[in-house]
Q: 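Starting off with a structure, shown below.
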Amino acid sequence: MDPVAIWKWSLVSGGAVIAVVAVLLLAIIWVARSIDRHACDVWVAGKNIAANTVSIWMLEKTNDVAGEILQVAQSIDASLKSLAGGK
């Protein structure tokens, strides 16, 4: 082959390699943006779940306090019954 043909083939193959690399880079960018969109959706869903389940902790604390109030009320009731029975 003559040097001009070699240069032409090397330029054509170099152009093809550059085109393939460009297409692959665009595909990587597209996939990365897709992953970012899905990650944002997951973040929003997680925040919504956290907002909707925060009341569960508050209900547990309310149940604990209600149990303590019940114990005190029963103690007061027992004390009153013993006072009323003692008269």
Side-chain angles (χ1 to χ4, degrees):
M1 288 180 76
D2 64 337
V4 174
I6 293 173
W7 274 104
K8 285 181 183 178
W9 281 108
S10 64
L11 286 175
V12 167
S13 62
V17 168
I18 290 172
V20 168
V21 168
V23 167
L24 290 174
L25 278 173
L26 290 174
I28 289 171
I29 290 170
W30 180 79
V31 169
R33 287 184 179 162
S34 174
I35 290 170
D36 189 43
R37 281 191 304 272
H38 290 299
C40 287
D41 292 343
V42 169
W43 177 256
V44 169
K47 285 183 5 182
N48 288 338
I49 289 170
N52 290 333
T53 57
V54 71
S55 59
I56 292 172
W57 175 82
M58 288 186 272
L59 286 174
E60 185 178 332
K61 293 298 281 181
T62 301
N63 285 339
D64 292 343
V65 171
E68 292 173 12
I69 291 171
L70 178 63
Q71 289 175 354
V72 171
Q74 288 173 341
S75 171
I76 292 170
D77 184 49
S79 297
L80 290 176
K81 284 182 182 177
S82 68
L83 288 176
K87 286 187 177 180

Q: Rounded at 0.5 Å granularity, tell me how far CG in L11 sits from CD1 in I18.
A: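 Result: 9.5 Å between the selected atoms.
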
Q: Charged N to carboxylate O below 4.0 Å: is that the case for D41 and R37?
A: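 Not counted as a salt bridge, because no side-chain N and carboxylate O are separated by less than 4.0 Å.
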
Q: Between atom CH2 of W43 and atom CG of N48, what is the distance when rounded to the nearest 0.5 Å?
A: 11.5 Å

Q: Would you kindly confirm whether W9 and V4 end up in one hydrophobic cluster when ILVMFWY residues are joined by side chain heavy atoms under 4.5 Å apart?
A: no

Q: Taking atom CG of L24 and atom CD1 of I29, what is their separation to the nearest 0.5 Å?
A: 11.0 Å

Q: Which value, rounded to the nearest 0.5 Å, describes the distance between T53 atom OG1 and M58 atom CE?
A: 9.5 Å

Q: Kindly say whether Q71 contributes a backbone atom to a donor-acceptor pair with the side chain of S75 at under 3.5 angstrom?
A: no

Q: Nearest 0.5 Å, please: how far is CD1 in I69 from CG in D64?
A: 11.0 Å

